[in-house]
Structures are given as structure tokens and as C-alpha cells.
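One structure is given here, and the rest of the page talks about it.
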Amino acid sequence: MKSVARFIKSVEKNPAVQSAVHVFRNGRTGQIIYSRRGVITQELIKEQFPRPNWQNELPDIRKDLWRPLAILKLGDKATADEAIKALKELKLERSLAKNGDEISEWRKKAYDGNIWHYRHYRPVYVHESVADLATVTDACVETSADGEEPPEIFWTDQWSRGAAELWNPNVKHTTV
């Protein structure tokens with residue numbers, strides 16, 4: 001696997017990629033962070049994890065733990081700003097939901113009834129972020145004007161993308 005910096009540089013060599021949303025996955029816990037700049041900062045972690053608890057701990061900023069999951073390339077900066085705002089809101093609503101029991105019922109559990117499987121790894125966060133990406137790209141395709149480029153997602157591996165029938169057919173997928 002390429003390093004994070006080399007992966008981002010390989011995607012951003014294209015001058016058309018000026019408005020992108022970077023999705024990072026924590027290799028130890030499976031937690032997800034969305035970034036516009038392609039880097040993870042302590043402020044970004046505090047913003048996206050407002051109420052850490054024993055099930056959803058505040059992740060470490062260590063750069064060796066964070067790996068890119070995907071980069072969402074959109075038509076312009078305004079669309080990218082709206083997309084990252086929507087992704088952050090979906091994640092925040094899920095983590096701060098008052099009906100946490102209902103959300104917990106939807107999540108896949110391990111044999112012991114917890115959402116983590118080995119040590120503290122939680123694959124459900126990756127699955128939820130991919131579903132959120134599919135929802136946001138559907139909205140981007142619906143609101144895009146004729147002649148605009150459809151959203152394109154650069155994946156680190158094919159497995160993270162999930163099943164093809166879950167995605168809008170107008171969204172391009174590339175494995176880097």
C-alpha cells in the first residue's frame with residue numbers, strides 16, 4: 001500500500017482536482033474523518049468527534065494510523081463544500097442521535113454483541129461512511145446541471161467501494 005502522501009499526490013497531479021473531499025480511515029479503530037485539505041489536524045478530530053465516549057473514543061492524530069479510504073472529486077469548490085458539510089452532518093447526527101438504541105440495532109455486531117470485532121476495530125464506521133458517500137453523490141448528480149462532470153471517486157481498494165448496484169450509475173469509480 002502506498003503511503004498517504006504519495007496516494008494524495010497521485011490523485012492531485014491532475015489539475016482538475018481542485019475541489020475534492022478526502023476520506024481517511026483509522027487503521028486501528030476503523031473511525032472515519034472527512035477533510036478538504038487532505039491532512040488531518042487536531043482541530044478536525046475535535047470537530048468531528050464532539051462527544052467521545054468508551055464506544056467511540058477520541059482518535060489519535062498519529063499519521064501512521066490514518067490511511068486514505070477515498071477521494072471524492074466534484075465539479076467545483078462550492079459543491080465540495082456542500083458535500084463535506086453534508087457528510088459531517090450525517091456522521092454527527094448518527095453519533096449524537098437520541099435514539100441511539102435504534103441506530104445500534106442497525107449496526108452489525110460481533111459474537112459478543114459489540115460493534116467492534118478485534119480489539120477496537122469497528123468496520124461499521126467504514127460501511128456507514130461509504131453509504132453516506134453514496135447518498136451525497138446521489139444528491140450531487142441530481143442537482144448537477146447538464147454538461148457538468150459527474151462526481152468521481154478514487155478508491156484505495158475495490159473492497160471499500162462495496163457493491164456496484166448501490167451506486168448511482170453516473171458516478172465514476174477509479175481504483176488507485
Side-chain angles (χ1 to χ4, degrees), residues 1-12 17 19-74 80 83-97 103-104 106-110 114-138 140 151-164 166-167 171-176:
M1 179 181 211
K2 295 179 182 179
S3 71
V4 175
R6 285 178 40 204
F7 173 74
I8 293 170
K9 286 179 185 175
S10 69
V11 173
E12 290 183 344
V17 182
S19 56
V21 175
H22 301 264
V23 184
F24 290 97
R25 174 184 59 87
N26 188 307
R28 187 177 60 85
T29 62
Q31 293 169 310
I32 299 293
I33 286 209
Y34 302 108
S35 172
R36 286 276 287 123
R37 297 184 312 179
V39 294
I40 298 170
T41 62
Q42 193 65 40
E43 291 79 24
L44 199 60
I45 290 174
K46 287 180 182 177
E47 174 192 351
Q48 293 187 30
F49 295 92
R51 288 192 208 155
N53 56 30
W54 69 275
Q55 285 194 336
N56 193 10
E57 298 172 341
L58 196 64
D60 198 0
I61 196 168
R62 283 180 39 195
K63 292 182 183 345
D64 61 331
L65 293 178
W66 292 99
R67 297 285 179 229
L69 176 70
I71 296 178
L72 173 62
K73 176 188 157 198
L74 297 161
I84 196 164
K85 182 179 176 188
L87 288 167
K88 286 178 181 179
E89 283 178 7
L90 286 168
K91 180 180 172 187
L92 188 66
E93 285 177 17
R94 194 178 294 112
S95 66
L96 300 179
I103 290 173
S104 180
W106 294 341
R107 291 178 165 168
K108 185 176 179 180
K109 307 270 191 319
N114 292 313
I115 62 170
W116 57 83
H117 289 261
Y118 299 105
R119 299 198 179 212
H120 291 286
Y121 187 73
R122 297 158 175 86
V124 70
Y125 294 141
V126 175
H127 303 308
E128 289 172 351
S129 70
V130 171
D132 292 347
L133 271 173
T135 303
V136 168
T137 54
D138 281 347
C140 290
E152 184 173 5
I153 303 177
F154 299 93
W155 297 97
T156 54
D157 57 13
Q158 196 65 22
W159 178 85
S160 299
R161 173 187 168 191
L166 301 176
W167 292 93
V171 177
K172 296 180 191 174
H173 298 275
T174 306
T175 304
V176 179

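No experiment lies behind these values; they were computed from the predicted model shown.
Residues F49 and Q31 are in side-chain contact: their nearest non-hydrogen atoms beyond the backbone lie under 4.5 Å apart. Contact check for L87 versus L133: side-chain heavy atoms found under the 4.5 Å cut-off. In this structure the side chain of F154 never reaches within 4.5 angstrom of the side chain of P68, judged on heavy atoms.
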Side chain to side chain contact (heavy atoms under 4.5 Å, CB included) between I153 and K172, intermediate numbers included
CA-CA 6 Å; I153 303 177; K172 296 180 191 174; over 6 Å; no
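Among residues two or more places apart in sequence or in another chain, the side-chain hydrogen bond (donor to acceptor under 3.5 Å, both in side chains) test is passed with D157 by S160. With sequence neighbours excluded, the residues that form a side-chain hydrogen bond (donor to acceptor under 3.5 Å, both in side chains) with T175 are Q158. For S35, the side-chain contact (heavy atoms from CB on, under 4.5 Å) partners two or more places apart in sequence, or in a different chain, are H22, F24, R37, L44. Among residues two or more places apart in sequence or in another chain, the salt bridge (Lys or Arg N to Asp or Glu O under 4.0 Å) test is passed with K88 by E47. For K85, the side-chain contact (heavy atoms from CB on, under 4.5 Å) criterion is met by E89, not counting sequence neighbours. Every residue two or more places apart in sequence or in another chain that forms a side-chain contact (heavy atoms from CB on, under 4.5 Å) with A163 is listed here: E165, L166. In this view, T135 satisfies the side-chain hydrogen bond (donor to acceptor under 3.5 Å, both in side chains) rule with no residue, not counting sequence neighbours. Every side-chain contact (heavy atoms from CB on, under 4.5 Å) that L65 has, sequence neighbours left out, goes to N26, R28, D60, R62.
To the nearest 0.5 angstrom, S129 atom OG is 12.0 Å from I33 atom CD1. Note that CG of L58 is 6.5 Å distant from CD1 of I45, once rounded to the nearest 0.5 Å. With rounding to the nearest 0.5 Å, the separation of CZ in R67 from CZ in R25 is 8.5 Å.
Of the candidates V130, V176, V23, V130 is the only one forming a side-chain contact (heavy atoms from CB on, under 4.5 Å) with W155.
Without hydrogens or angle criteria, Q48 side chain to Y34 main chain gives a donor-acceptor distance under 3.5 Å. Judged by distance alone, the side chain of K91 and the main-chain N or O of I32 form a donor-acceptor pair under 3.5 Å.
Residues W167 and A134 share a closest heavy-atom pair of CZ3-CA, 3.4 Å. Pairing each heavy atom of L74 with each of A80, the nearest pair is CD1-CA, 3.5 Å.
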